[in-house]
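Notes for the one structure printed next.
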Number of protein chains: 2
Amino acid sequence: MPTANQPADGKPAAPTQRTRDKAQSRTRMLAAARRMFQRHGFEAASMRQIAKAAKCTPGALYVHFADKRELLVAMMDEDFALLSAGITACASIADPVLRLSETGRAYVRFALEHPQHYRMLFMTQKPTIEPESYCEIKHGNPDKDGYAFMRETVRQCIEQGRFLARYRDLEMVTQSCWASAHGFVSLYINYGEDPWVEFGEPLAGAYACLDMHMDGLTGGEFSRLVSSQRGGNP
Amino acid sequence: MPTANQPADGKPAAPTQRTRDKAQSRTRMLAAARRMFQRHGFEAASMRQIAKAAKCTPGALYVHFADKRELLVAMMDEDFALLSAGITACASIADPVLRLSETGRAYVRFALEHPQHYRMLFMTQKPTIEPESYCEIKHGNPDKDGYAFMRETVRQCIEQGRFLARYRDLEMVTQSCWASAHGFVSLYINYGEDPWVEFGEPLAGAYACLDMHMDGLTGGEFSRLVSSQRGGNP
DNA sequence: CATCTGAGTGAACGGTGTTCAGCGAAAGTG
DNA sequence: CACTTTCGCTGAACACCGTTCACTCAGATG
């Protein structure tokens, strides 16, 4: 039963007035949702507010998105390209220790620039683990890709003997790298506005955490490498 | 206007039937709220569910707690006391570097032994809590406030020149210590059961993260200190 | 005993995410 | 062109949510 939008032969159909309108609506809704989510957070932003900002009724949102969470996920998919871009930019760095450090920096920059997105990805309780719907079908789980990228870099560091001898457990070291990036930014996202803790410039704090961790892993070689790089290439 | 509960002279009144009932109700409500918050999270747990679990009506909750947020705060106060007890138990350790390390270890043990408590305390998005609503007494007092205790220890480390020269910012270093403990345990609590990250023994991983961080801060002096301690006192 | 007090009730208010019969204009078909 | 089908969208609901409030009535007070 071919439709105008998706013919049976799979060839792209000529965009009709209706399909163009629908795409436009979707874009408008997504933009409105981004504004609301970033301004008020996921819970506080309501579908009615988003609908009003997108100049439609709440029900219309459900034509394009199954539920509120999918609206957020669709929104995050767009911005996730930034994290992927940052990480793939690090892939060109030859030295695995420096590459690992830069990967962490790209990671924390993403977290601090998109705190609400980061919260949804890495700080919320996953309701249920659905292996089919989440992990594989979703054009490759970006979390797993990032993790795998980091693990591969860690593997090279270990193979080249760049880490202290006691840090040989690939999974554990990879997780410690992830944790060194996640720890500070997740605390900042939760308590950055809290008067209870006086946070300074978050990026500086996050970078410092990464550096301390890298020095702990390498026995201080990381800092010496960085300063020699800086001294050698002024 | 003295009441049976709080006479004007400040002397404790004899507990009447009513005051005992009220305290009992409060305790029952708090226990029900803890169950619900830990099971479903702050947002998903509803006042109606809590009321049903506490065998009362939703309105009765508002006799004891101003709103949902205050119910959470009352619950967190109890859990914080448990955590603070574990942290301040390290106060007897003379060496501030070792004391800081042991503080971190106590922190991650609490997190891994009470993952639901920890999630509620440090991993959920909380409504902003004004300082005046919070226990002012605890805030800033190293005996009661774990963060203040850690900061005081960090201050001693800095004053004794135990950290590398570039780590002189008291707040930032304290936050990095917190982050080094929080990072791994929060990831483990979220992804420990997830099939796409293979976690090993969580306590070992968390301790390793702490050690790397301490070595990064001290330029490796921490590990040398620990091994000399171990060698000196076998 | 009469009086007062206050913990608890139950219904309501305005919000929330989500669903769905039906509308009407665009698209497809003869 | 006229007829039928398609489908994005509306508006009204549904079942919840946190919170309020007039009211009740057992226990404390005098």
Side-chain angles (χ1 to χ4, degrees), chain A residues 1-9 12-30 32-33 36-37 40-74 120 127, chain B residues 1-9 12-30 32-33 36-37 40-74 125-128:
Chain A
M1 194 63 85
T3 68
N5 217 358
Q6 296 163 328
D9 56 13
T16 63
Q17 175 70 30
R18 192 127 79 171
T19 57
R20 264 182 285 120
D21 282 356
K22 182 172 183 180
Q24 223 168 332
S25 292
R26 203 189 127 100
T27 303
R28 204 177 53 247
M29 290 171 184
L30 225 49
M36 291 300 170
F37 283 146
H40 305 111
F42 177 72
E43 299 287 348
S46 77
M47 296 296 269
R48 283 170 172 81
Q49 287 172 0
I50 293 170
K52 186 174 281 186
K55 297 187 207 307
C56 67
T57 57
L61 297 172
Y62 291 84
V63 173
H64 300 265
F65 309 96
D67 55 18
K68 188 181 181 183
R69 190 187 176 86
E70 193 168 290
L71 187 51
L72 183 88
V73 167
M120 283 308 299
Chain B
M1 193 69 83
T3 67
N5 217 358
Q6 297 163 327
D9 56 11
T16 62
Q17 174 71 29
R18 191 123 84 169
T19 58
R20 265 183 284 119
D21 282 356
K22 182 172 184 180
Q24 224 169 332
S25 292
R26 205 190 123 99
T27 303
R28 203 175 57 246
M29 290 170 184
L30 223 48
M36 289 302 169
F37 283 149
H40 305 110
F42 177 75
E43 298 288 348
S46 76
M47 295 298 268
R48 283 170 171 82
Q49 287 172 1
I50 293 169
K52 186 174 281 187
K55 297 188 207 306
C56 67
T57 57
L61 297 172
Y62 291 84
V63 173
H64 300 265
F65 308 96
D67 53 17
K68 189 181 182 182
R69 199 185 49 189
E70 195 168 287
L71 190 50
L72 178 80
V73 168
Q125 184 169 26
K126 280 179 284 293
T128 46

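As the structure is a prediction and not an experimental result, all values here were calculated from the model. Chain naming here is simple, since letters A, B, ... match the order of the sequence lines and numbering starts at 1 in each.
- At whole-Å resolution of the value, NZ in A:K22 and P in C:dA27 are 14 Å apart.
- For the pair B:M29 CE and C:dT9 C1', the computed distance is 12 Å after rounding to whole Å.
- Going from atom CG of B:L61 over to atom P of D:dT20 covers 13 Å, rounded to whole Å.
- Regarding B:D21, its CG atom lies at a distance of 14 Å from the C1' atom of D:dC25, rounded to whole Å.
- A:T16 has a side-chain polar atom (N or O) that falls below the 4.0 Å cut-off from OP1 or OP2 of C:dA27.
- Atoms NZ (A:K52) and C1' (D:dG11) sit 15 Å apart, rounded to a whole Å.
- Scored by the side-chain contact (heavy atoms from CB on, under 4.5 Å) test, A:E43 finds B:E43 as partners (sequence neighbours excluded).
- Between the NZ atom of B:K55 and the C1' atom of C:dT9 there is a distance of 17 Å, given to the nearest Å.
- The side chain of B:S25 contributes an N or O atom lying less than 4.0 Å from OP1 or OP2 of C:dG8.
- With B:E70 contributing its side chain and B:A66 its backbone, the two residues share a donor-acceptor pair below 3.5 Å.
- Contact annotation: the side chain of B:L71 approaches that of B:M47 to within less than 4.5 Å [non-hydrogen atoms, C-beta and beyond].
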Intermediate values then yes/no, side-chain contact (heavy atoms from CB on, under 4.5 Å), A:L30 and A:H64: CA-CA 10 Å; A:L30 225 49; A:H64 300 265; over 6 Å; no
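- For the atom pair NZ (A:K22) and OG1 (A:T27), the distance works out to 12.0 Å, reported to the nearest 0.5 Å.
- Applying the ring pair (Phe, Tyr, Trp, His ring centres under 6.0 Å) test to pairs two or more places apart or on separate chains, those with a residue in residues 40-59 of chain A are A:F37-A:F42.
- Residue B:Q24 contributes atom CD, which lies 15 Å from atom C1' of C:dG8 at whole-angstrom precision.
- The terminal axes of the helix from C:dC1-D:dG30 to C:dG30-D:dC1, fitted over 5 pairs per end, subtend an angle of 0° to the nearest 10°.
- Applying the ring-ring contact (aromatic ring centres under 6.0 Å, His included) criterion to A:Y62, with sequence neighbours excluded, gives no partner residue.
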Nucleotide by nucleotide, nucleotides 17-22 of chain C touches protein heavy atoms under 4.0 Å in the pattern (B base, S sugar-phosphate only, - none) BBB---
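- D:dT19 atom P lies 10 Å from atom CD1 of B:I50, rounded to whole Å.
- No donor-acceptor distance shorter than 3.5 angstrom exists from the side chain of B:K55 to the backbone of B:R28, with no hydrogens or angles considered.
- Closest contact between the side chain of A:Q17 and the listed nucleotides C:dA7, D:dG8, C:dA27 involves C:dA27.
- Contacts of B:D21 classified as side chain to side chain donor-acceptor pair (under 3.5 Å), with partners at least two apart in sequence or in another chain: B:Q17.
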